Amino acid sequence: MTVNVMTSKEVTKKVMNKEELFILDVRNQSDFQDWKIEGENFKYINVPYFELLDGVEGIIEKIPTDKEVLVVCAKEGSSIMVAEMLSDEGLTVSYLKGGMKAWSEHLEPVKVGELKDGGEIYQFVRIGKGCLSYMVVSNGEAAIIDSTRMTDIYLEFAESIGAKITHVFDTHLHADHISGGTVIADKTGATYWLPPKDATEVTFQYQPLEDGNDVEFGNVKINIHALYSPGHTIGSTSFIVDEKFLLSGDILFIDSIGRPDLAGLAQDWVGDLRESLYKRYRELSEDLIVLPAHFMIIEELNEDGSVAEKLGTLYSKNHGLNIDDEAEFRRIVTENLPPQPNSYQEIRETNMGKINPDEEKQREMEIGPNRCAVR
């Protein structure tokens, strides 16, 4: 029998198409429980690699023969060995190319909407990490919002559609992933925008993004309005694009709301979070389509693989927007917090420009699931 290779892009398509897949994850149990590949119709078995060193006979009966089987490990090597042992026993299986390291870094571009006069907006779904970033395109120019450190995909995608990147934005100083904003700006000559209240310690030049800013680009003048919406960070800023899309950063998600504690100031910022969600956003049109900077659970993906929903729908369905009692809201978002993101202080310092870890260190810092939300 043969051992096949499956790429992160191929697995992503299976997630988005809700296909069946059986995953044998050979990482340690704690790593598997903390973070795994998720799909609506995926089934799993976790057997640490060291338990299989003497052979796979003990798990053969647990591996289905009527489904695609994928063996997964941290970096690839262990999954190849286990896949080969299963093949020697007569099974046809695949291993994940690059392992969970590659899964963490894959970005899948999804077109989420048309803008006036031919403009477009694309969402880049970092399926393994739950991060969402955006490219707004207008008449040959592009703006990128909340980019990841995997900058080549944005540069290559812009080139493929004939667009020049002229603006790069971060909605806030990120604590769960390393921003590629300054790298893209350096490579393209684009203007880099950052909320000044989040930028008091940065070491690089930036354009201050403040409430009421209108950034126009492309001949058709698509406006990107900045809306100050603190709570996740003190500088968190949302964008309204073309009076149609609300890019909410890490303030509001489809099934959850932002956490206020990643700078150690939960009690100070929870009031800002409530005001942003219950007052500032309430004043906006309910027809705006919310495009967040993260998703938390795989069920938040739409049929086309995008993560988007009307603001009015979220006000009727998102529990975090329907806590009438302010004391109860304060309790939930300060006491019901998930673990802090891995290396979040180092990630903040990297995004400030204070430290410059090498690529392997950056990968290590980012490993793990999205932990920006309160649900």
Side-chain angles (χ1 to χ4, degrees), residues 123-126 129-134 144-149 168-181 193-199 209 211 224 226-241 245-266 268-278 280-281 284 288-297 300 307-309 311 314 318-321 329 332-334 336-345 347-348 350-352 366 368-375:
Q123 184 180 69
F124 290 75
V125 182
R126 189 176 178 183
K129 182 75 177 166
C131 296
L132 302 167
S133 48
Y134 297 89
I144 297 176
I145 298 129
D146 288 334
S147 65
T148 69
R149 62 179 171 79
V168 185
F169 302 85
D170 274 316
T171 56
H172 61 288
L173 186 77
H174 298 282
D176 77 309
H177 73 274
I178 295 166
S179 169
W193 300 78
L194 185 65
K197 291 185 178 181
D198 277 1
L209 179 66
D211 198 18
I224 298 183
L227 172 70
Y228 181 49
S229 47
H232 179 65
T233 68
I234 194 61
S236 291
T237 300
S238 310
F239 301 101
I240 298 174
V241 178
F245 296 96
L246 172 62
L247 276 69
S248 58
D250 281 348
I251 286 290
L252 175 62
F253 309 116
I254 303 304
D255 191 58
S256 53
I257 59 176
R259 62 189 295 170
D261 68 311
L262 293 184
L265 296 170
D268 295 337
W269 289 356
V270 65
D272 289 329
L273 180 65
R274 185 173 176 86
E275 182 174 355
S276 292
L277 294 175
Y278 284 68
R280 292 173 184 265
Y281 275 14
L284 303 175
L288 286 171
I289 297 170
V290 175
L291 298 174
H294 284 90
F295 67 95
M296 190 173 181
I297 55 175
E300 292 176 75
V307 180
E309 187 54 88
L311 182 59
L314 296 190
N318 188 319
H319 172 67
L321 298 179
F329 179 88
I332 287 174
V333 300
T334 57
N336 187 37
L337 294 167
Q340 299 275 18
N342 292 340
S343 307
Y344 74 100
Q345 290 288 17
I347 290 173
R348 283 170 53 85
T350 302
N351 288 335
M352 292 175 189
E366 285 193 340
N370 165 33
R371 290 179 175 146
C372 280
V374 178
R375 182 170 181 261

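The shown structure was predicted, so the numbers you read here are calculated from the model rather than taken from an experiment.
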Any non-hydrogen side-chain atom of [X] less than 4.5 Å from a side-chain atom of [Y]?
X: S236; Y: D250; answer: no
X: V307; Y: F253; answer: no
X: M296; Y: D255; answer: no
X: L252; Y: L321; answer: yes
X: Y281; Y: V290; answer: no

For residues [X] and [Y], report the shortest heavy-atom separation together with the two atoms involved.
X: I257; Y: G320; answer: CG2-CA, 3.9 Å
X: G181; Y: S147; answer: N-OG, 3.2 Å
X: N318; Y: S256; answer: ND2-O, 3.1 Å
X: H319; Y: I332; answer: NE2-CD1, 4.2 Å
X: G249; Y: T171; answer: CA-OG1, 3.6 Å
X: G235; Y: K197; answer: CA-CB, 3.9 Å

With no hydrogens and no angle check, do the side chains of S179 and N351 hold a donor and an acceptor under 3.5 Å apart?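 No, because no side-chain N or O of S179 sits under 3.5 Å from a partner of the opposite role on N351.
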
Indicate the ring-plane relationship of W193 and F169, choosing parallel, tilted or perpendicular according to the 30° and 60° boundaries.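 Ring orientation, 0 to 90° scale: parallel.
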
Worked check of side-chain contact (heavy atoms from CB on, under 4.5 Å) between F329 and V270: CA-CA 9 Å; F329 179 88; V270 65; 4.0 Å; yes

Apply side-chain contact (heavy atoms from CB on, under 4.5 Å) to the pair T237 and D211, showing each step before the final yes or no. CA-CA 8 Å; T237 300; D211 198 18; over 6 Å; no

Backbone N/O of I297 and side chain of E300: donor-acceptor pair under 3.5 Å: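 Side chain of E300 to backbone of I297: a pair is present.
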
Please answer whether the main-chain N or O of E366 pairs with a side-chain N or O of K129 as donor and acceptor at a distance below 3.5 Å.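 Between the backbone of E366 and the side chain of K129 there is a qualifying donor-acceptor contact (under 3.5 Å).
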
What distance separates [X] [atom1] from [Y] [atom2], expressed to the nearest 0.5 Å?
X: L132; Y: L247; atom1: CG; atom2: CG; value: 10.0 Å
X: R126; Y: D146; atom1: CZ; atom2: CG; value: 12.5 Å
X: L314; Y: I289; atom1: CG; atom2: CD1; value: 11.0 Å
X: I240; Y: S248; atom1: CD1; atom2: OG; value: 11.0 Å
X: D176; Y: H294; atom1: CG; atom2: NE2; value: 3.5 Å
X: D198; Y: R348; atom1: CG; atom2: CZ; value: 7.5 Å

side-chain contact (heavy atoms from CB on, under 4.5 Å), that's the test. Do F124 and I144 meet it? Break it down for me. CA-CA 10 Å; F124 290 75; I144 297 176; over 6 Å; no

Are F239 and Y134 close enough that their ring centres sit under 6.0 Å apart?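 Centroid separation for F239 and Y134: 6.0 Å or greater.
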
Step by step, would you call L284 with L227 a side-chain contact (heavy atoms from CB on, under 4.5 Å)? CA-CA 10 Å; L284 303 175; L227 172 70; 3.7 Å; yes

